[in-house]
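The block underneath contains the structure these notes are about, expressed in structure tokens.
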Amino acid sequence: MKYLIGTDIGTSGTKSILMDTTGKLLAQDLEEYDVLTPKPLWAEQWPNVWLDGVKNSIREVVKKSGIDAKDIAGVGISGLYGGSGIPVDENMEPVRPDLIWMDRRAAKETEWVKQNVDLDRLSEITGNDVVDPYYGYTKVLWIKNHEPENWQKTKLFLPPNNYVIYKLTGEVSIDYSAAGNIGGFYDINKGAWSREMMDAMGVPMDKMPQKFVDATEIAGYLTDEVASDLGLAPHTPVIAGGVDVGAANIGMGVLEPGRYVAAIGSSMNAALVSDKPIKGKGLIVWPYPYKSRDLVYNFSGSATAGAITKWFRDNFAGLEVEAQKNGGDNAYVALGKESDKLPAGSEGLVVLPYFMGERAPIWNSDAKGTIFGLSLVHTKAHVYHAFQEAVCYALRHSIESTGENLGDYIVIAGGVTQSPAWVQMFADVTGYAVRTPVENAEANLGDVMLAGIATDTLTVDQVQQWQVLGDKVEPNPKNHEVYNQYYRLYRKLYTDLGTDMKELSKISGIQES
């Protein structure tokens, strides 16, 4: 029997799992950390938290499993969308923190691109119709414009998983999905950097890694020193699982076009895999980690989906958090025990989940989080319930923006699936039956599958036979009818408040960078 490790670098924690080649989960470990938010709409992280998280979590799963190191055939590593990527110097050490995906500071750079770059050519080359501070290339331009000393020191920009892979193997590379998610510099038609676009934006080609790797080929091998530190065999193969949400789709068995999957962690990535970019819908498009030159990942989704319920817990659920520390229920479970009793619509509350602006499908850095309809009858449970509903409304908006036939069910993954009531809510709001993963290890599972294929430990046919999804949860027709009314109001509220949101950004100086 051979074994495989899947490691996913997330925004708030790094998780590793160890599985055998039948798909049995033998060990898992999560290492948590925080995001730095030095100013409103800024979000960055030093990469040492990612590297330490990877090393510690791998070390733990090897120890917990008791597996002989020589029987571990490979390690797959995926990562959060790293935005700008980590700027590293000539010694491959970080120059400054990475401007991660949720950072919105590059508003002026976004406007510059709109005024100075041929947007038709940008769309034709990259597959992306929209210019927005979400994209990594606008964040790269922000560093160039605002931190010239750091720009001069920067040799390369490396996405999180590719940086960690370098630290483990000594090999510098970038996977296609991470390159495509940087956005404006990547030619999705040629599978290479676009000299035309990089010249148009004044960024030298050599600022980007020149070696591309597919998620089913080996990116490097553990050095002797790293292998000894992790408890693994020297020269254990390492693969780049790509951007974590793509790896998560693979972990849910999506190896062909046509299935809609919403991976909901700190943010939501609701996506359809296709063989051609879906254009004209305001979606984000990049190469799928599996068959990167043939398949594309088209997604939208709330920038702060799971993040808003975490924010609510951290700021308004102190009693529940303290009870959890003293051996009581998990704080989310405790909140759910009260909120799950409430009817569809939270008795007249609607939340707009735009707590860090919003990316696709509305693309508005000025969008604001809003709680609408508060009255003296409402309790903490009502507001928490409305926060959960807001994430469901955001998913429905994303589904409608995709404009495709999504089949007889959609797949939802992430921490939200730990709440059966929330899963039912997703079905009720969207009107689609919902299936969820059997194990809460989506991106990690995809990393395992990809590592198995890359090392010839697994075949595609074998991973397709793994039972990765549970039974369908059907929508409640009566609740769906109620939610149709609330959803229409949800969409109207954003339209009605758009001008006010922009004015609030202006008078508060939030967009000044």
Side-chain angles (χ1 to χ4, degrees), residues 9-12 14 33-51 53 79-89 92-113 126 128 130-164 174 177-186 198 201-204 207-209 243-245 265-267 269 284 286 303-304 307 355-360 363-366 510-513:
I9 304 165
T11 305
S12 56
T14 289
Y33 39 77
D34 295 317
V35 176
L36 303 175
T37 53
K39 292 184 180 182
L41 301 184
W42 288 29
E44 56 189 36
Q45 286 173 297
W46 282 103
N48 63 293
V49 299
W50 299 328
L51 181 60
L80 72 154
Y81 169 39
S84 67
I86 305 151
V88 297
D89 62 20
M92 300 300 287
E93 294 300 324
V95 171
R96 68 163 336 276
D98 186 341
L99 279 59
I100 64 171
W101 58 272
M102 67 169 67
D103 189 283
R104 304 289 300 174
R105 76 184 70 178
K108 291 181 179 178
E109 284 68 30
T110 298
E111 290 306 311
W112 182 90
V113 171
T126 68
N128 291 283
V130 177
V131 183
D132 188 82
Y134 163 80
Y135 287 104
Y137 70 96
T138 64
K139 295 173 170 65
V140 169
L141 293 177
W142 187 93
I143 295 173
K144 178 186 177 186
N145 292 340
H146 292 264
E147 298 180 349
E149 290 186 8
N150 285 336
W151 180 257
Q152 290 299 321
K153 293 177 186 176
T154 299
K155 176 183 178 181
L156 286 175
F157 288 90
L158 277 176
N161 66 319
N162 304 122
Y163 170 82
V164 169
I174 189 168
S177 65
N181 212 0
I182 289 174
F185 300 154
Y186 180 79
M198 295 190 75
M201 298 185 211
V203 177
K207 290 283 189 185
M208 296 294 155
V243 179
D244 52 6
V245 290
S266 297
S267 68
N269 291 268
I284 300 164
W286 39 264
T304 54
F355 278 52
M356 286 286 285
E358 188 56 293
R359 57 188 186 195
W363 293 112
N364 186 357
S365 295
D366 293 317
I510 284 177
Q511 286 292 4
E512 291 300 320
S513 59

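Contact of the W42 side chain with the T37 side chain is not registered, since no non-hydrogen atoms from C-beta on lie closer than 4.5 Å. Side-chain contact between E147 and W142 is present, with heavy atoms from C-beta onward closer than 4.5 Å. Side-chain contact between R96 and E44 is present, with heavy atoms from C-beta onward closer than 4.5 Å. When side chains are defined from C-beta on, Y81 does not count as touching V245, because their heavy atoms never get closer than 4.5 Å. Under the 4.5 Å side-chain criterion, counting only non-hydrogen atoms from C-beta, Y186 is not in contact with M208.
Nearest approach of I9 to V164, heavy atoms of both residues: CD1-CG2, 3.7 Å. The two residues I174 and A178 make their nearest non-hydrogen contact at CG1-CB, 4.2 Å. For the residue pair K139 and I100, the shortest heavy atom distance occurs at CE-O, 3.0 Å. When all heavy atoms of W286 and G180 are compared, the pair lying nearest together is CB-C, 3.6 Å. Here the closest non-hydrogen pair linking Y137 and G183 is CD2-C, 3.7 Å. Minimum interatomic distance between P87 and T154 (heavy atoms only, all atoms of both residues): CB-OG1, 3.4 Å.
A side-chain contact (heavy atoms from CB on, under 4.5 Å) with F157 is found for one member of I86, V88, I182, I143 and no other, namely I143. Considering R104, R359, E358 as possible partners of S365, the one that fulfils the side chain to side chain donor-acceptor pair (under 3.5 Å) test is R104.
Within the model, atoms CG of D244 and CG of N269 stand 7.0 Å from one another, a figure rounded to the nearest 0.5 Å. Atoms OG and CG, from S267 and L80 in turn, are 9.0 Å apart once rounded to the nearest 0.5 Å. Here T138 contributes atom OG1 and R105 contributes atom CZ; the two are 10.5 Å apart, rounded to the nearest 0.5 Å.
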side-chain contact (heavy atoms from CB on, under 4.5 Å) between V203 and L141, intermediate numbers included: CA-CA 8 Å; V203 177; L141 293 177; 3.8 Å; yes

Residue pair N181, W101: steps toward the side-chain contact (heavy atoms from CB on, under 4.5 Å) verdict: CA-CA 10 Å; N181 212 0; W101 58 272; over 6 Å; no

Residue pair I284, V130: steps toward the side-chain contact (heavy atoms from CB on, under 4.5 Å) verdict: CA-CA 8 Å; I284 300 164; V130 177; over 6 Å; no

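Ion pairing of K144 with E109 is absent here, as no side-chain N (NZ or NE/NH1/NH2) approaches a carboxylate O to less than 4.0 Å.
Y33 and T14 share a donor-acceptor pair across their side chains, judged by distance under 3.5 Å alone. Between the side chains of S84 and D98, at least one donor N or O sits under 3.5 Å from an acceptor N or O.
Checked by atom type and distance alone, the side chain of Q45 pairs as donor or acceptor with a backbone atom of T11 at under 3.5 Å. At least one donor-acceptor pair closer than 3.5 Å links the side chain of S177 to the backbone N or O of V243. Of the possible donor and acceptor atoms, one in the side chain of N364 sits under 3.5 Å from a partner among the backbone N and O of D366. Between the side chain of K155 and the main chain of K207, no donor-acceptor pair closer than 3.5 Å is present.
Here the two rings, on W363 and Y135, have centers that are under 6.0 Å apart.
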